[in-house]
Each structure stands twice: as C-alpha cells, then as structure tokens.
Amino acid sequence: MSAVSAGDVLLLVALGLAGVGLLVLRRLRPVWYWLSVGALITLVRVLVTYRSVMEACGLTERPTRLRLWLARVADREPTRLIPKLRRVRVTRTGMILRIRMQPGQELHDFVVASERLRHSWRAHGAYVRSVKPGWVEIRLIAYDVLRSVVMPKGLPEGLLRVPVSLRSDGLPHWRDYRTTPHELTIGATDSGKSVYLRGLIKRLASKPVALVGIDCKWGVEFSPFAPRLSALACTPEEAGVLLDVLVTEMTERYDLIRAAQHLAPDTPPEEITSDVWGLPEDIRPVPVVVIIDEVAELFLVATAAEEKRRDHMITQLIRLGQLGRAAAIYLEVCGQRFGSELGKGATALRAQLSGRTVHRVNDEGTAKMALADISAAAVVAATRIAEDRPGEAVAGDSSGGWTVIRSPFTSLHDATAACVRYAHLTPDLPALASFRPATDPTPGEEAVPVFETA
C-alpha cells in the first residue's frame, strides 16, 4: 500500500477544519450558515425526496380515470397523484414552498402532516397556511429564530399598528388596535412582560396617539416615560378618578359621532359613520391607549369603602372595554394573574379583552385563565416556556388562532429615550391635563418626572 502523501494529509486537514468551521458558524451565526450553505443543502433534499415524503406523509390522491386507463393500456402500475411543487423561495429564516393541492385534498391534511414534514426535511419548524383555493404554502424554518430575536427592517407600520415581537415562523407579530382593540398581557416576575411593554411604548411613542398609564406601584414602572404620557395615575385613588375622566371623554366622543349623524338628505353614504374613524380628520379626536401595569392592584381592598371604590373602577373599565373601540380608546391590561378570584367583575372585564399574550407563568391555572377559551394547545405551549427564555410568550385572540412569539430586548434607557425624543407628539387633551406628569429638566441632565396631584 502506498504511503499517504503530504498533499492528501493537508486536504484532509482542510476538510476537517472546514467542517468544524461550518458547525461553529451554524451555532453562532445561523443566518450566515443558512444563506451560505444550509439553503442549498435543504433545497437539494426537498427536490430529491419530495415524492417519497409526500407518499410517506399520506399526502397523495388516487389517480384519475384517464390515468388509470393509460396505465392499463401501457400495462403499468398506476401511481398515486402527489401535490405539485410550483415554486420554492429562500428567505432569511428558511424556505417557502408553494404547492398546488390535488383534487380531494384540503388544508387540514397538510396541517396534520406538518410535524412529519419538518422531520423529513430536517427543518426547525414547518408552518402551513392557505394561499388561495387549491394552493397551500409550507414555510420551513431553518433555525430557532426566537433564540436571538432580530426584527425585520423596514416594516410598514400604521397609526395603531406596530410590530412588537417575532413569531416562531419568522414573521413579525403586530399589535393592531384597530383589529384587536383590547388586550390582556399576563406574565410572572422576570418573564419579560415589562420588556414587552417597553417595546410597545417605544413603538407607540412615535405615533400621534395619547398614552395613558395606570401604575399602582407608585409610578415606578411608568415614571421614566413621563415626557410622552398624556396622563399617569400612581395610586388606586388616582386611577379611579382617571377612569371616570376617560369614561366622560368616551361619552363626549359618542356625542361628537352622534352630532355628525344629523345628516342632510343629500349626504353621500361614505360620510355616514358610527365611529370616530369615519369623522372628518379636522374634528376626529386622537386615539387613546390606556396601559395598566398591574391590574390586580385595582382589585385589592381592605375596607368596605375601598370595596365600593373597587367596584366602581371595574365598572368603568368594563364600560371602556365594551364601548371604547368606536371612540378610539383602547385598553392594554397587564398583570401576573387574572381571573375570577380577583373579585367581582374580573370575568366580565376579561371577556372584553379579546387579545391575549401570556408569558411564562407559575402554574397551569394562570395560563388557562387567559388561553383556555382560545385553544387547549395554546395553554400547553404557555406552560412549556422555559425560565431562560425571557420575553417568549403565547399570543392569541378570540378567533382561536395563536402563535409563539418573543419580544426583542428593549432596555429602559431605549424606551425612555424614545419618549423624550417624541415628547412633542404628546396630544393636548384638556380633560387629562390635571393627570399629565410634569417634567423638571435640569440642563445637562435627563428629565426627572414631577407629578401633579389630580
């Protein structure tokens, strides 16, 4: 046997180093690995194994009568029909397969087989959605996009539609107040709930909307955002008065809508409206987003007088939840737990909060309180969030749809800087003037909030 030459040794060493380098790149820079090597490997695997995978996953249909007749004429065994792969598109996070279904197939067939497809093509995740009748789209995720969240750039935001998190399928998760006016956000201590709120406030700070904070922990959570807040209540007593003012503001907005409905006979149909968004822009009131940091503090009582105040506050919150959407007043209710044990009216209020975001919780009962009426699978997903994944959550809505999301880390400094930068956008609402936190800036120092007594 001839001796191994020095060139062969160098080639083996180079191949070994290249393999190790790819493994390190895959671990530390999964995006680079995917775009350089992984996408090509997965594409070849999909194209080569497509028919066998479809057959193994039961995604085939019986041949047509014409094919059966042709097979008999040719004395061949008729083959089953497989869905037709029409297009493959590589993205930053994975690969999208556009597939035309065979007659007799439905979206549910592919949803059931999604886990088998994921393992067959060695993807981190496989998500199926309907594109149009007869077509499905399978999104293969190449790596764990939630391990290190990087939000896509250049997302088209709206007045009340902002991206707040990244979904497990690589798409952004939006907080759209026009679609889901009120939301309940639950999470245990250090679960990332505060980071989620910081990111939301940072995004909304650049919009011409009024931000109202109710922080019954003496304002320690929302005080840094004072330059951008139109109102802030730091105690349950202040919160009760502020909620009364918001209900009055909502009533006045309904009066404005009703006045606009006193229309002449020749009024065009497109000018008839039942909410503030149909009003002319010059008289349309600004949207108001009410953010409650720890809603349980509003329910806690120690005396009969406090119980009466609590019942009144909850009644006002329920009224805002029932009627606030048409008046462009939206609720963002947060807490560690939320259920009937909080007291009278809790269940009625929760029913108005159609959006649900559940971070890591301490027990299954807490997840059920928020997600049981959406999906049992969502409850299971929420209880499986690990402690070392702060910011990860399960987001769902009343339609029954849900997804796993994770918020990018937003520091308190970044959120505060955004509030200071966009302080000039704070709307001037006379009804909330007495609740607006005043700031006392010192030259060369960051502004420190100073609160007025309501």
Exercise. Tell me the side-chain hydrogen bond (donor to acceptor under 3.5 Å, both in side chains) pairs involving residues 191-201, sequence neighbours left out?
Worked result: E183-Y196
Exercise. Looking at residues at least two apart in the chain, or sitting in another chain, which of them share a side-chain contact (heavy atoms from CB on, under 4.5 Å) with A431?
Worked result: V245, E249
Exercise. So does R203 pair up with E157, basic N to acidic O under 4.0 Å?
Worked result: yes
Exercise. Would you find more than 12 non-hydrogen atoms of other residues, nucleotides or ligands less than 6.0 Å from R325 atom CZ?
Worked result: no
Problem set entry | Pairs touching residues 279-291 that satisfy side-chain hydrogen bond (donor to acceptor under 3.5 Å, both in side chains), sequence neighbours left out | none
Problem set entry | Partners meeting side-chain hydrogen bond (donor to acceptor under 3.5 Å, both in side chains) with S411 (sequence neighbours left out) | D414
Exercise. With sequence neighbours left out, what residues match V111 under side-chain contact (heavy atoms from CB on, under 4.5 Å)?
Worked result: L107, V128
For this session: Please indicate whether E106 has more than 12 foreign heavy atoms, meaning atoms of other residues, nucleotides or ligands, lying under 6.0 Å from its CD.
Result: yes
Exercise. Under the side-chain hydrogen bond (donor to acceptor under 3.5 Å, both in side chains) rule, what pairs show up with a residue in residues 145-154, not counting sequence neighbours?
Worked result: none
For residues 286-294, tabulate all N or O donor-acceptor pairs below 3.5 Å that involve a side-chain atom, not counting sequence neighbours.
residue : atom : partner : partner atom : Å
D293    : OD2  : K217    : NZ           : 3.3

For this session: Kindly write out the residues that satisfy side-chain hydrogen bond (donor to acceptor under 3.5 Å, both in side chains) with D363, not counting sequence neighbours, or none if the list is empty.
Result: R337, T366
Would you list the atom pairs, donor with acceptor, under 3.5 Å between side chains in residues 134-145 and any protein atom, with sequence neighbours excluded?
residue : atom : partner : partner atom : Å
E137    : OE1  : R129    : NE           : 3.0
E137    : OE1  : R129    : NH2          : 3.2
E137    : OE2  : R98     : NH2          : 3.4
Y143    : OH   : R92     : O            : 3.2
D144    : OD1  : L146    : N            : 3.1
D144    : OD2  : R389    : NH1          : 3.0
D144    : OD2  : R389    : NH2          : 3.2

Exercise. Which residue pairs pass the salt bridge (Lys or Arg N to Asp or Glu O under 4.0 Å) test with at least one member in residues 162-171, sequence neighbours excluded?
Worked result: R167-D169
For this session: For S407 and S165, run side chain to side chain donor-acceptor pair (under 3.5 Å): C-alpha distance rounded to whole Å, both residues' side-chain angles, the deciding distance at 0.1 Å, then the answer.
Result: CA-CA 4 Å; S407 305; S165 306; 3.0 Å; yes
Exercise. About how many Å separate CG of L242 and CD of Q316, when rounded to the nearest 0.5 Å?
Worked result: 11.0 Å
Seminar exercise, completed: Taken in chain and number order and not counting sequence neighbours, the residues that satisfy side-chain contact (heavy atoms from CB on, under 4.5 Å) with P208 are L159
Seminar exercise, completed: The side-chain contact (heavy atoms from CB on, under 4.5 Å) partners of T383 (sequence neighbours excluded) come to E364, A367
